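Atoms considered below: every heavy atom in the structure, side chains included; atoms not considered: hydrogens, waters and symmetry mates. Quick note on labels: first sequence line is chain A, next is B, and so on, each numbered from 1. All figures in this text were calculated on a predicted structure; none of them were measured in a lab.
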Amino acid sequence: MSYLVEMKGIEKRFPGVHALKSVQFSLKPGEVHALMGENGAGKSTLMKIMSGIYARDGGEMFVDGNPVTPDSPRAAQDLGIGIIHQELSLMNDLTAAQNVLIGREPRRSFGRLDEAALNKKTAEIFASLQLAMDPRTQVSTQTIARQQLIEIAKALSYNPRVLIMDEPTAALNDAEIAELFKVIERLKADGVGIVYISHRMDEIKRIADRVTILRDGAYIDTVDAADTPLSKIIQLMVGREVTQNAPVFPDTSQSPVALEVRNLSRGKDVRDVSFDVRKGEILGFAGLMGAGRTEVARIIFGADPRDAGEILVGGQPVNIRTPHAAVDAGIGYLSEDRKHFGLAVDMTVRANIAMANMDQFTNRAGVLDEAAMKRIAVKYIERLGIRTPSDMQDVRLLSGGNQQKVVIAKWLLRDCDVLIFDEPTRGIDVGAKSEIYALLEDLAAQGRAIIVISSELPEVMRLSHRIAVMCEGRLTGILPGGANTTQEDIMELATQRESALVGAEETR
Amino acid sequence: QDGETYIPLISKGFQHQFWQAVKQGADQAAEEFGVRITFEGPDNETMVDRQIDMLAAALANNPAAIGFAALDSQAAIPLLKQAADAGIPVIAFDSGVDSDIPASTATTDNVAAASLAADKMAELIGGAGKVAVIAHDQTSRTGIDRRDGFLNQIAAAYPDIEVVSVQYGAGDQLQSTEVAKAILTANPDLNGMFGTNEGSAIGVVNAVREMGSEGITIIGYDSGKAQTDAIRDGLMAGAITQNPVGIGYETVKAAIAAINGEELPAIIDTGFYYYDQSNIDDDEIQAVLYD
Amino acid sequence: MTSTTTTVNTPRSTLARIIAAGTHQRVLAFASLIVLLIGFSIASPNFMQASNMIAILQATSVNGVLAVAVTLVIITGGIDLSVGTMMTFCAVITGVVLTYAGMPLLLGVVAAIATGALAGSLSGTFVAKMKIPPFIATLGMMLILKGLSLVISGTRPIYFNDTPGFSEISRGSLIGNLIPALPIPNGVLILFIVAALTAYILNRTVLGRYCFALGSNEESVRLSGVNTDRWKIAIYALAGAIVGIAGLLIASRLNSAQPALGLGYELEAIAAVVIGGTSLSGGRGSILGSLIGALIMAVLTNGLRVLSVAQEWQTVVTGAIIILAVYADMMRRKKSN
Amino acid sequence: MTSTTTTVNTPRSTLARIIAAGTHQRVLAFASLIVLLIGFSIASPNFMQASNMIAILQATSVNGVLAVAVTLVIITGGIDLSVGTMMTFCAVITGVVLTYAGMPLLLGVVAAIATGALAGSLSGTFVAKMKIPPFIATLGMMLILKGLSLVISGTRPIYFNDTPGFSEISRGSLIGNLIPALPIPNGVLILFIVAALTAYILNRTVLGRYCFALGSNEESVRLSGVNTDRWKIAIYALAGAIVGIAGLLIASRLNSAQPALGLGYELEAIAAVVIGGTSLSGGRGSILGSLIGALIMAVLTNGLRVLSVAQEWQTVVTGAIIILAVYADMMRRKKSN
Ligand SMILES: Nc1ncnc2c1ncn2[C@@H]1O[C@H](COP(=O)(O)OP(=O)(O)OP(=O)(O)O)[C@@H](O)[C@H]1O
Ligand SMILES: Nc1ncnc2c1ncn2[C@@H]1O[C@H](COP(=O)(O)OP(=O)(O)OP(=O)(O)O)[C@@H](O)[C@H]1O
Ligand SMILES: [Mg+2]
Ligand SMILES: [Mg+2]
C-alpha cells in the first residue's frame with residue numbers, strides 16, 4: 001500500500017512536556033484521516049512537525065515513500081503539504097485577497113501589482129468555496145468565523161496534495177460546515193489526502209475514513225471510522241468511559257430575575273433586544289453567524305457602547321459603560337475570541353487565572369499574594385484538567401483547548417452573579433466538554449444566572465433551560481428548553497429574516 | 001502696531017545665559033530707542049537650517065531691520081540678499097557673515113580672547129605642564145575659535161605645556177562634568193583645564209569638586225552665577241568674559257542707525273575681559289558679568 | 001500595544017474606494033491643517049502672504065522627505081532613528097564627491113542616493129538578519145553615521161561653491177521659470193515628486209504590499225514562504241535612498257554639508273508621520289498623511305514665529321497643538337465609525 | 001509585530017525560578033557589561049580605579065533613574081519621550097519652592113516628586129482617556145514641559161545656594177560616612193534604592209502586574225473588568241514621580257536647576273532600557289536590565305573618554321557597540337533555548 005505521508009516513531013519534547021512519544025501516522029491519497037485526542041494530546045504538535053514548523057526530535061517521515069525532513073513551512077509546501085492552523089494567522093490590516101495570495105501576487109513589470117487579477121483570482125477561490133465575500137474586504141472587519149474561511153481559502157489556493165485542517169470548524173456554523181464538507185469531498189475526489197482535527201464528534205462520522213487516536217502524546221490506535229462506534233473512539237481518547245448524565249431542566253420561572261435587558265439597540269447589529277435571565281437559569285442564545293449575539297453580550301458587558309436600552313441587575317437599573325462597571329455590577333463575560341480578548345498569552349497560567357480577580361490577591365498596600373494565587377491556580381488546573389507543566393507556564397505554550405480552559409477558570413474564579421459565556425467550549429475535547437457542562441449546571445444550581453452563546457445547536461439544546469434565538473440583530477423568539485424544542489424550531493426563528501423581501505442580499 | 005519700528009534678532013540660541021544677556025542688551029536698547037524687537041534662536045548651534053527658517057519667518061513680518069548671528073556664514077546669503085533687495089538693513093552680531101550685506105558686525109574677537117586665556121593659564125601653571133580643554137562644540141564658529149585660539153597660543157608661545165586632551169561636552173553642564181572627570185581619571189597629573197563656555201567651565205568645576213582633585217588650575221569663559229561663585233571660592237582661577245549685553249545693545253543701536261541711513265563701522269568690537277578674584281568686583285567687570 | 005480598533009471601511013462609491021485604496025485610511029489630519037491655516041491668517045495679516053506660504057513649503061521640504069522615508073519603515077512595524085544623521089552623512093559624501101573630488105553634479109546626486117540606500121540596507125540587515133530591534137539598530141546607525149560625518153568632513157562644513165548648479169537643486173524654481181507668478185522652489189517640487197512616487201510604490205507594488213504585510217503580521221508572511229528578510233532590507237534601503245534625497249535638499253539649501261547637523265530631525269519626522277495617522281505599531285499608514293503631518297508642523301512653527309510669540313511659549317503651544325491635532329483626529333475617526 | 005517565536009523558558013532550579021520571577025526574563029546584557037569593563041581595564045590602567053568606578057556610577061545615576069521610570073511605561077507597551085524635559089521641569093519647580101519661596105528642603109523634595117507625578121498622570125490621561133498614542137502624547141508633553149521650564153525660570157538657572165543641604169542629596173555620601181573606604185555618593189545610593197523599590201513594585205504588586213498585563217494584551221485586561229484607564233494613569237504617574245527624583249538628583253549635582261537642559265536624555269534612557277532587554281512592544285522587561293543598560297552606556301562613554309579616543313570616533317564606536325551588545329544578547333538568548 002502506498003502512503004502519501006507516513007510518520008513513524010515521532011518524538012517531540014518541549015521543556016517540561018514530552019509532547020509526542022513514538023507516534024505513528026499515515027495518510028492515503030483521497031482519504032480523510034481524523035486525528036483525535038484530548039486537549040494537549042499532541043495533535044497540533046504532530047501536524048506542525050508534518051508541515052515543517054517544528055523539527056522532530058526523533059522518528060522518520062516519508063512522502064511517497066521517500067524519507068523527508070521538511071525544515072520550514074516553505075519546504076513542506078514544496079512537498080505539497082498545506083496546513084490550516086488552529087490559531088488564526090492572518091494579516092489583519094490587509095484585504096482578504098491580499099491575504100490569500102500573499103507571496104504569490106500577480107505582478108506586472110517592475111514589481112507592480114495587478115490588483116485586479118489578484119481580486120479576480122481570489123474571487124474564483126472564494127466562489128469554489130461557495131463563500132460570498134468581497135475579496136477587497138479588510139480582514140480585521142470580519143468575524144473570526146469569516147476569517148477562518150479566508151484561512152481555508154488561502155490553504156486551498158496552494159493546491160496541496162496533503163491538507164491538514166486543525167480544528168477548521170471550531171468557529172463555523174452549520175451552514176458553513178456543510179460548505180466546507182462539500183469542498184472536502186471535492187478534494188478527496190481529486191486524490192488529496194486530508195488530515196482532519198476536530199473536537200466535534202459528530203463530524204467524524206460524517207467525513208472521516210480512518211481515525212487515529214492520541215492520548216497524552218502517545219499513539220493509541222488507528223481505527224476505521226465507519227465500523228467504530230463514537231463511544232469507542234471517545235473511550236480510546238479519554239482512557240475511560242465517559243458517562244453522559246441526562247440533563248435536568250429545573251423550573252426557574254419563579255426565581256427572582258437576575259438580569260433584565262430592555263430595548264437594547266446598537267446600529268444595525270442589535271435591534272431592540274429585550275429579555276431576562278432568572279437566578280439559577282441557563283439561558284441559551286442560538287443564531288446564525290452574525291446574528292448579533294456577541295454584540296448583545298458585549299454591550300451588556302460595557303465593552304461596546306449602546307445607542308439605546310436599559311440594563312437591570314437584580315431589579316436595579318445599572319449604568320454600565322465599561323467592563324469594569326459590569327464586573328462591579330456582578331456580570332462576567334467570557335469572549336469568543338480568547339487570543340485577542342480573553343488572554344494575555346505572554347503571561348503565565350497563574351497570572352491569567354487571577355486577572356479578573358486581583359483584589360482577592362492583594363493586600364491594602366497593593367502587594368500581591370503569590371502563594372494564594374498559586375493555590376487557586378493549581379486548584380483550577382486540577383478541576384478543569386488543564387494540561388500544563390506548571391502554573392507558571394506561559395499561556396501561549398498551551399494547546400488551544402487548554403488555553404480556553406484557562407479563560408473559563410478566570411471567570412469561574414470571579415464568581416459573578418450573571419455569567420455570559422460566548423462559545424465556551426470552542427476547541428474543547430469531549431471529555432472536558434461534559435465536565436464544563438456539569439460546571440455550568442453547578443453554577444446555575446448555586447443560583448447564578450448563566451447565558452450561553454453557542455453556535456453548536458446540540459450544545460445549546462443540551463444546556464439551556466430556555467433558548468433565545470436571534471436573527472439579524474433582532475431577538476426573534478425565546479423557546480423552552482428540553483426535549484420539546486427541536487432543531488427545526490430553532491432554525492425557523494434563526495432564519496426569520498426581516499429583510500427577506502428586500503432585494504439584493506448583502507453579506508454584511 | 002503699524003508705524004512702529006520692528007527689528008527681529010535671529011541669534012544662534014536663546015536658552016543659554018549668554019544669549020539671554022544679549023537679549024537683555026537688545027531689550028534695553030529697544031526700550032531706549034522706542035523700537036519693537038523679537039529675539040529668537042534655534043535650540044542648539046548645529047541647526048543651521050532651522051535658523052534659516054527663522055530668518056524667513058522674520059522677513060515675512062516686514063521688519064525695518066534685521067539682526068543676525070549666523071550659524072553658518074554662507075547658508076543664509078540668499079535670504080540676506082532678499083532682505084537687501086527689499087531695502088532691509090542687516091546687522092550681524094556675535095559672528096560675521098561672508099558677505100558685504102551686513103551694514104556692520106557687533107562681535108567679540110573669540111580667537112584673541114581664547115589666546116588671552118592661554119596666556120593666563122601658562123602664567124598660573126608656571127609655563128610648563130599638562131592641560132586639557134573642554135570645548136562646548138566641535139563645529140560651531142565660537143567653539144572652533146575659542147578652542148583654536150587657546151591651542152594655537154599654547155603651541156606658539158609655550159613649548160613646555162602639553163595639551164593632553166580636547167573633548168566636547170555640548171555646553172551641557174552634566175555632560176561636561178562627565179567628560180572632565182574622564183579626563184582627570186586618564187591624566188592624574190593634569191595641571192590645568194580650560195572650559196570654552198559657561199556650561200563647559202561649570203562642568204570642569206563640578207568634576208574637580210566631585211573627584212576632589214587638587215592643584216588643577218581652571219580657566220573658564222563667560223560668566224553666570226556658578227562661575228562667579230567658583231572664582232570667589234578660588235576653585236576657578238579666572239575666566240574670560242565677553243560683553244553680551246553690549247553686543248545686544250550695539251546691534252539694535254546699529255540697526256536703528258542703519259535704518260536712518262547713517263554710516264556704520266564694519267566691525268563694532270564689544271571687547272572681552274579677563275576676570276579673577278582680584279578684579280571681579282570692579283565696576284568695569286561687574287558691568288559685563290551676568291548672573 | 002494590542003489596540004483592536006474596529007475600524008470598518010466599506011467604501012461605497014468608486015471615488016471613496018480609490019481614496020481608501022490609495023491611503024489605506026482616512027487622512028483626517030487634513031482638517032487640523034486647515035484649522036491652523038485659517039487661525040493664523042486671522043491672527044496675523046502677514047501670515048497669508050505668497051512669500052510666507054512658499055517659506056512654509058520650503059521649510060517642509062526636508063522634514064517632509066524624511067517623513068516619507070520613515071513612513072515606509074514605520075508601516076513595517078519598525079522605526080528609524082537614523083534618518084537625521086543619515087541625511088547629513090549623505091550630504092557629506094556628496095560634498096566629498098563634488099567639492100573634494102570635483103566630480104560633475106550628477107555624480108554627486110547619485111552618490112547621495114546610493115549612500116542612503118547603502119546605509120539603509122545596512123540598518124535593514126541589522127534588523128532583518130541579526131534580529132536587532134529596529135530602535136536599537138537605527139539608534140546605533142544614528143551614532144555611527146553622526147561620527148562618520150564628522151570624521152569624513154574633518155568636522156568642518158563642506159561648501160559647494162565650486163559646483164554652480166548645486167544650490168539650484170533646492171533653491172531654484174523650475175515652476176517659477178515657467179509660471180513666474182508661482183515661484184515654488186525646486187525643493188518643494190522634489191518633495192511632492194518623492195511623495196507621489198513613494199505613495200505609488202507603497203500602494204501599487206509588491207514592495208509596498210510587503211510593507212503593510214510585514215507590519216501587520218510578519219510571522220504569517222514568513223510562513224507564507226515570502227523571503228521576509230530580503231524584503232525588509234529592501235524597504236530600509238528604499239527609505240535610505242529617500243533620505244539621500246533629503247541630504248541633497250538640505251545641502252543644496254545651505255549650499256554646504258553641515259556635518260554636525262541632523263540630530264533631532266528624526267523625532268520631528270516621526271512626529272509628522274504619527275500626526276498623519278500612521279500607526280507606530282505597523283500595518284497602517286499613508287504617505288499623504290505624513291506629508292500633511294509635516295505641513296502641520298511647519299505651519300505651526302512658522303505661524304507662531306510670524307505672530308512673534310515668545311520662543312519659550314512657542315514650544316509650549318507647539319506641544320499642546322500636536323496633542324490636540326491628534327486628539328481631534330481620534331475623535332473624528334471615532335465619529336465616522 | 002506579532003512574532004510567534006517559540007521561546008521557552010522553564011526555569012528548573014528554585015534559584016533560577018526566583019530570578020526568572022524577579023526579572024521576567026534573563027538579563028543577559030550583564031555579560032556585555034563585563035566584557036566592556038574587562039576590555040577597558042586592559043586598554044587603560046587608569047580605568048579600573050576606585051575613583052573612576054565611582055565616577056561611572058555617579059554618571060549612571062540620573063540616566064539610570066530615568067531608565068527605571070521609562071521601563072514602567074515601556075512595559076505597558078507605551079513610550080515616554082518627556083522624561084528628559086520633565087526631569088528639568090521638576091528641578092525648576094524645586095528651585096522655585098526652595099530658592100524663590102525659601103521653603104525648607106523637605107518641601108522641595110516633595111515638590112519635585114509631586115510635580116513629576118502630576119505631569120506623569122497628565123501624560124497618562126492623554127494616553128488612557130484621550131486615546132492619544134503614547135509617542136505623541138509624551139512628545140507633546142516634552143515640548144510643553146520644556147517651554148514651561150523656561151517660562152517659569154525666566155530662562156535663567158535657579159541656584160540652590162540658600163539651601164545648604166541640597167547638594168548633599170546627590171553629592172554627599174552616607175555610605176562613605178559609615179565606611180570611609182567606600183565613598184559611594186548618595187546619588188548612586190538613591191539610584192539603587194529607586195531601582196530596588198520599583199523592581200519590587202513591578203514584580204510584587206498589582207500595579208506591576210497590570211504593567212505587564214497591559215503591555216501583553218490591553219483589551220483582554222479591560223475585558224477582565226479591570227479599570228485599565230485608571231491603572232495606566234497610575235503607572236504614568238509613578239513613572240513621573242521617579243522622574244521627579246531624577247530631577248532632584250541632577251539639580252543637586254549641578255546645585256542649580258538648568259532650564260535649558262533635558263532634551264536628548266529621553267533617547268538615552270530608552271536606549272538603556274532596550275539594551276537591558278525590555279521589549280518596546282510591551283509585556284516583557286525588567287528593572288535590573290535597565291540598570292545594566294544604563295551602566296553599559298555609562299561605562300562605554302567613560303571608557304572611551306578615558307582612552308582619549310577622538311570625540312567623533314567615540315560616537316562611531318558607541319553606536320557600533322550598542323548594536324553589538326544587543327546582538328550578543330540575541331545570540332545568547334537564542335542559544336539558551
Ligand atoms: N512550543 C511549546 N512549548 C512548550 N510546550 C508546548 C509547545 N507547544 C505545545 N506544547 C505542549 O505540548 C502538548 C501538546 O500540545 P498540542 O498543541 O499538540 O495539543 P493538541 O492535541 O493540539 O490540543 P488541543 O486539542 O487543545 O488543540 C501540550 O501539553 C502543550 O502544552
Ligand atoms: N470586530 C468586528 N468588526 C466589525 N464588525 C463586527 C465585528 N464583530 C462583529 N461585527 C458585526 O456585528 C454583527 C453581529 O456580529 P456578532 O459577532 O455579534 O454575531 P454573533 O451572533 O455573535 O455571531 P457569531 O456566531 O459569528 O459570533 C455582524 O454583522 C458582524 O459582522
Ligand atoms: Mg491543537
Ligand atoms: Mg459571536
Side-chain angles (χ1 to χ4, degrees), chain A residues 14-17 48 53-54 87 89 91-92 298 301-303 322-328 331-335 337-348 351-352 354-359 361-363 365-370 373 389-390 392-397 407 410-411 414 416, chain D residues 1-12 14 16-18 20-22 24-25 75-77 128-129 197 200-231 234-235 238 279 281-285 336-337:
Chain A
F14 296 111
V17 182
K48 282 180 181 169
I53 292 164
Y54 287 161
E87 303 293 339
S89 62
M91 291 149 286
N92 280 327
R298 284 178 60 92
F301 191 59
T322 60
H324 172 61
V327 170
D328 274 357
I331 303 174
Y333 169 66
L334 178 143
S335 161
D337 184 349
R338 60 172 173 259
K339 200 167 155 196
H340 287 118
F341 302 139
L343 294 164
V345 290
D346 290 328
M347 301 182 81
T348 62
N352 271 286
M355 190 65 78
N357 231 345
M358 295 304 284
D359 293 348
F361 302 110
T362 41
N363 67 13
V367 177
L368 297 174
D369 185 349
E370 287 285 347
M373 268 191 262
S390 90
M392 290 302 282
Q393 183 82 328
D394 281 357
V395 167
R396 88 192 125 89
L397 301 179
V407 193
K410 174 167 87 176
W411 285 111
R414 176 70 216 195
C416 296
Chain D
M1 284 174 292
T2 333
S3 58
T4 327
T5 38
T6 45
T7 12
V8 193
N9 337 15
T10 11
R12 284 279 130 248
T14 324
R17 212 177 270 263
I18 287 169
H24 277 261
Q25 74 169 97
I75 289 178
T76 69
K129 295 276 180 199
L197 278 179
Y200 184 83
I201 291 176
L202 196 56
N203 295 306
R204 296 270 176 269
T205 71
V206 221
L207 189 93
R209 175 57 47 89
Y210 286 140
C211 276
F212 286 107
L214 287 174
S216 203
N217 187 348
E218 179 171 341
E219 189 59 14
S220 105
V221 181
R222 194 175 75 94
L223 291 181
S224 297
V226 176
N227 192 339
T228 45
D229 287 358
R230 214 188 59 194
W231 284 107
I235 293 163
L238 174 61
S279 153
S281 42
R284 270 172 307 136
S336 72
N337 283 329

Nearest 0.5 Å please: distance from the CZ atom of D/Arg222 over to the CZ atom of A/Phe301. 8.5 Å
Reported OG1-to-NE2 distance for the pair D/Thr228 and A/His324, which is rounded to 0.5 angstrom: 9.5 Å
Mind checking the CE-OG spacing from A/Met358 to D/Ser224? Nearest 0.5 Å is all I need. 10.5 Å
A/Ala351 to D/Arg209 - nearest heavy-atom pair and separation: CB-NH1, 3.7 Å
Which value, rounded to the nearest 0.5 Å, describes the distance between A/Asp328 atom CG and D/Asn227 atom CG? 8.5 Å
Where is the tightest heavy-atom contact between D/Ala213 and A/Met347, given as atom of each residue plus distance? CA-SD, 3.4 Å
Can you list everything that forms a side chain to side chain donor-acceptor pair (under 3.5 Å) with A/Asn92? Sequence neighbours excluded, please. none
List for me each residue that meets side chain to side chain donor-acceptor pair (under 3.5 Å) alongside A/Asp337, sequence neighbours excluded, and say none if there are none. A/His340
Could you pull out the closest heavy-atom pair between D/Leu223 and A/Trp411, with the gap in Å? O-CZ2, 3.3 Å
Considering only heavy atoms, which portion of A/Thr322 lies under 4.5 Å from any heavy atom of chain D: side chain, backbone, both, or neither? neither
From CG (D/Asn203) to CD (A/Glu370), nearest 0.5 Å: 9.0 Å
Nearest heavy-atom pair of D/Ser216 and A/Asp346: which atoms, and what distance? OG-CB, 3.4 Å
Is it the side chain or the backbone of A/Met91 that comes within 4.5 Å of chain D heavy atoms, both, or neither? neither
When rounded to the nearest 0.5 angstrom, what is the spacing between OG in D/Ser220 and CG in A/Leu343? 6.5 Å
